[in-house]
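Only heavy atoms go into these numbers, but all of them, side chains included; no hydrogens, no water, no symmetry mates. Everything quoted here is computed from the prediction, not taken from an experiment.
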Amino acid sequence: MKLALRFGGLFVSAALGFPGPEHLHPTIHFAPPVVSEQAGWHDIAGALTHKGVHHIFQGPGWNHAFSRDLVHWASGPPGPAPIHETYAGMDSNTVPCSGFITKDVDGTVCAGFRQCGSSRGVAGGHPWDVPLELRCADADLQTWSQHPEYLFNVSFWRALPYDPARPWREDDGNWYMLLSMDACNSTSEAHPCQEGGQLHMWRSPALRGGASNWQHLGAVFTSNATVLKDAHLMKEFVTIDYIGKLPGDPSPDADTRVFFNNVGGNGGGVGCCSGTTSYFVVTQASPGEPLVEVGPQSMVDWGAFTSLVSPPAGARGVDRLDGTASRGFSMARTFGGEEADQVTKPGRRVMIGWVGDNPGAAQSLPRDLSLGADRMLRQAFVPELQVLRRQHLQGPKVQGGLQVEVLATFAPASAERGQDFGLHVLGDEHGTATKITLSPSLGLISIDATQQGNAQVRAGPLPPPSPAGWSVHAYVDHSIRSEEH
């Protein structure tokens with residue numbers, strides 16, 4: 001069962017694995033058998049809006065989903081296929097790993113990635129020493145070139161995914177790209193790496209072709225922090241994304257940028273966060289300069305968190321959480337407008353990720369991203385989902401079935417009574433239900449689906465109320481529950 005819930009821009013997701021009975025299979029979330037039953041898709045390898053069509057590629061395998069309205073999705077022809085590559089002595093037939101989708105200045109759509117491995121590395125290096133490459137598509141993304149353009153090699157002392165963020169162009173006319181590593185490559189080569197993850201940056205005057213010349217600028221960001229003060233990262237960043245020019249940026253210079261990372265996505269998140277997507281709010285003084293944090297780290301989704309069995313005395317909110325439950329929302333990427341540059345060009349920022357584990361994975365519902373007055377991320381289900389509304393039911397108790405959108409409000413007086421409050425969804429005549437509970441005294445919101453197949457009660461920090469109180473926006477999709485607070 002999955003539930004998507006939004007509360008004041010904070011999301012908590014809960015999932016019950018499927019396949020199972022047909023009546024529990026989701027219909028709003030895109031979950032074809034290759035996703036939900038065969039574990040064929042996972043991290044978002046690339047995302048793009050092109051000619052009015054939204055494209056999601058999940059890999060490895062670069063399986064393809066597309067939609068014209070962000071609501072109704074279908075499978076399309078896959079992205080770049082495996083080919084035999086022998087560049088600079090490598091010998092690889094593996095599938096392309098996670099990467100990015102972007103557009104060159106002439107509008108050509110290109111996928112960037114590394115091979116997931118090789119029997120020999122370039123120039124006699126390790127088998128995992130393979131270059132970052134581009135393969136470009138036809139105008140409608142139906143076929144992809146089988147003639148790679150190799151941009152630069154990345155060598156490391158151990159095998160790494162080297163997940164890249166989508167490249168962007170700065171005001172100086174240069175292209176920039178981030179790759180994720182750990183911070184011990186040039187120092188101790190220790191593993192686990194106490195220093196945590198590290199971002200390295202490359203720069204080129206052109207994305208591809210004869211004018212391109214990708215040069216390594218060095219490390220620009222290092223952190224081993226998680227949202228839990230007693231937990232830390234001891235490996236590389238995973239399935240990263242980097243965006244800027246978000247709607248609502250309160251900075252006078254509109255220079256706020258957001259770096260996304262899946263904490264513990266390949267292990268290494270000690271005490272946090274089961275591969276669920278976190279974010280750092282940063283700025284850069286100028287193109288090519290280091291990323292500087294200007295706000296606290298937070299989570300895109302709190303679905304991997306539960307309440308501590310023995311929280312510290314007086315603890316509230318995040319300090320009462322454990323981050324080691326199964327993953328909730330992960331491996332996410334953004335897209336949204338015809339402009340592929342999501343860093344320096346204004347426009348819509350829509351995020352889609354992967355929810356649940358295998359079996360039982362699904363593509364998440366899309367979320368619009370913006371910034372609040374505190375420079376922190378705000379999220380909302382995309383308004384296009386409202387086309388699914390059919391019948392309006394109102395009251396303290398309604399018969400909504402297995403596929404409903406829930407909007408609930410709680411006045412500030414609800415908290416003054418000193419008690420928890422909330423709502424139940426998917427209830428039946430036996431009293432079985434999924435319980436959504438707001439606990440102002442503890443600073444938490446929780447989703448208890450233990451009666452309906454989820455082994456643990458999920459929880460996240462409860463935002464302060466607005467003058468009107470709290471509102472809960474939830475989608476219940478048979479076996480999927482997504483909530484926005």
Do we see a donor-acceptor contact under 3.5 Å between the side chains of [X] and [Y]?
| X | Y | value |
| --- | --- | --- |
| Gln215 | Arg203 | no |
| Thr277 | Asn262 | yes |
| Thr306 | Gln456 | no |
| Asp253 | Ser251 | no |
| Asn185 | His200 | no |
| Tyr87 | Gln115 | no |
| Asn454 | Gln452 | no |
| Arg114 | Ser92 | no |
| Thr334 | Asp241 | yes |

Where [X] and [Y] come nearest, the two heavy atoms and their spacing:
| X | Y | result |
| --- | --- | --- |
| Asn213 | Ser204 | N-OG, 2.8 Å |
| Ser364 | Phe329 | OG-CE1, 3.3 Å |
| Met201 | His216 | O-CD2, 3.4 Å |
| Ala362 | His29 | CB-CB, 4.2 Å |
| Arg378 | Leu371 | CG-C, 4.0 Å |
| Ser67 | His72 | OG-O, 2.8 Å |

Check the orientation of [X] and [Y]. Use parallel for under 30°, tilted for 30 to 60°, and perpendicular for over 60°.
| X | Y | answer |
| --- | --- | --- |
| His473 | Tyr475 | tilted |
| Trp168 | Tyr242 | tilted |
| His54 | Trp73 | tilted |

Exercise for the section: Take Leu388 and Ile28 through the side chain to side chain contact (heavy atoms under 4.5 Å, CB included) test and state the conclusion after the steps. Expected result: CA-CA 9 Å; Leu388 298 172; Ile28 299 174; 3.8 Å; yes

Exercise for the section: Could you check Tyr279 against Met376 for side chain to side chain contact (heavy atoms under 4.5 Å, CB included), going step by step and ending with a plain yes or no? Expected result: CA-CA 9 Å; Tyr279 69 92; Met376 299 300 288; 3.3 Å; yes

Checking [X] side chain against [Y] main chain: does a donor-acceptor pair fall under 3.5 Å?
| X | Y | result |
| --- | --- | --- |
| Arg458 | Ile447 | no |
| Asn224 | His232 | no |
| Glu338 | Gly52 | yes |
| Ser274 | Thr276 | no |
| Arg120 | Gly89 | yes |
| Thr94 | Gly117 | yes |
| Thr222 | Ala183 | no |

If you round to the nearest 0.5 Å, how far is [atom2] of [Y] from [atom1] of [X]?
| X | Y | atom1 | atom2 | answer |
| --- | --- | --- | --- | --- |
| Leu151 | Glu149 | CG | CD | 6.0 Å |
| Trp354 | Gln363 | CH2 | CD | 12.5 Å |
| Asn261 | Thr239 | CG | OG1 | 8.5 Å |
| His64 | Ile56 | NE2 | CD1 | 8.5 Å |
| Thr344 | Asp172 | OG1 | CG | 10.0 Å |
| Leu199 | Leu179 | CG | CG | 9.0 Å |

Handout entry: Pair His50-Asp140, side-chain hydrogen bond (donor to acceptor under 3.5 Å, both in side chains): steps then yes or no
Key = CA-CA 8 Å; His50 181 58; Asp140 296 313; 5.8 Å; no

Cationic N near anionic O, under 4.0 Å, [X] to [Y]:
| X | Y | result |
| --- | --- | --- |
| Lys103 | Glu339 | no |
| Arg208 | Asp104 | yes |
| Glu289 | Arg257 | no |
| Glu384 | Arg389 | no |
| Asp182 | Arg158 | yes |

Practice task
Establish, for the pair Arg166 and Phe335, whether the NZ or CZ atom is under 6.0 angstrom from the six-membered ring centre and no further than 45 degrees off its axis.
Solution key: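 Ring-cation test returns no.
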
Handout entry: Side-chain heavy-atom pair Arg135, Cys110 within 4.5 angstrom cut-off
Key =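 SC-SC contact between Arg135 and Cys110 ruled out.
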
Handout entry: 4.5 Å side-chain heavy-atom contact, Leu141 and Val53
Key =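 With C-beta onward as the side chain, the pair stays apart.
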
Looking at the rings of [X] and [Y], which for Trp means the six-membered one, are their centres under 6.0 Å apart?
| X | Y | result |
| --- | --- | --- |
| Phe280 | Phe221 | yes |
| Phe57 | Trp144 | yes |
| Trp202 | Phe152 | yes |

Practice task
Run the numbers on Met299 and Ser278 for side chain to side chain contact (heavy atoms under 4.5 Å, CB included), then give the verdict.
Solution key: CA-CA 4 Å; Met299 302 299 298; Ser278 73; 3.6 Å; yes

Handout entry: Among Val258, Val282, Thr283, the one residue meeting side-chain contact (heavy atoms from CB on, under 4.5 Å) with Arg375
Key =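 Going through Val258, Val282, Thr283 one by one, the side-chain contact (heavy atoms from CB on, under 4.5 Å) with Arg375 is satisfied by Thr283 alone.
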
Practice task
Please say which of Asn174, Val105, Leu207 ends up in a side-chain contact (heavy atoms from CB on, under 4.5 Å) with Arg169.
Solution key: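 Among the candidates, only Val105 passes.
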
Practice task
May I have all residue pairs that pass ring pair (Phe, Tyr, Trp, His ring centres under 6.0 Å) and include part of residues 95-141, sequence neighbours excluded?
Solution key: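 Residue pairs passing ring pair (Phe, Tyr, Trp, His ring centres under 6.0 Å), neighbours aside: Trp62-Phe113, His126-Trp128.
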
Handout entry: Verdict with reasoning, Arg348 to Thr49, per side-chain hydrogen bond (donor to acceptor under 3.5 Å, both in side chains)
Key = CA-CA 10 Å; Arg348 193 178 189 185; Thr49 300; over 6 Å; no

Practice task
Just do the side chain to side chain contact (heavy atoms under 4.5 Å, CB included) check on Leu48 and Val109 with the steps written out, would you?
Solution key: CA-CA 9 Å; Leu48 182 80; Val109 174; 3.6 Å; yes

Practice task
Test Asp249 against Thr256 for side-chain hydrogen bond (donor to acceptor under 3.5 Å, both in side chains), laying out the working first.
Solution key: CA-CA 7 Å; Asp249 187 352; Thr256 308; 2.8 Å; yes

Problem - Chi angles and distances behind the side-chain hydrogen bond (donor to acceptor under 3.5 Å, both in side chains) call for Ser180, Glu236 - result: CA-CA 6 Å; Ser180 53; Glu236 69 276 5; over 6 Å; no

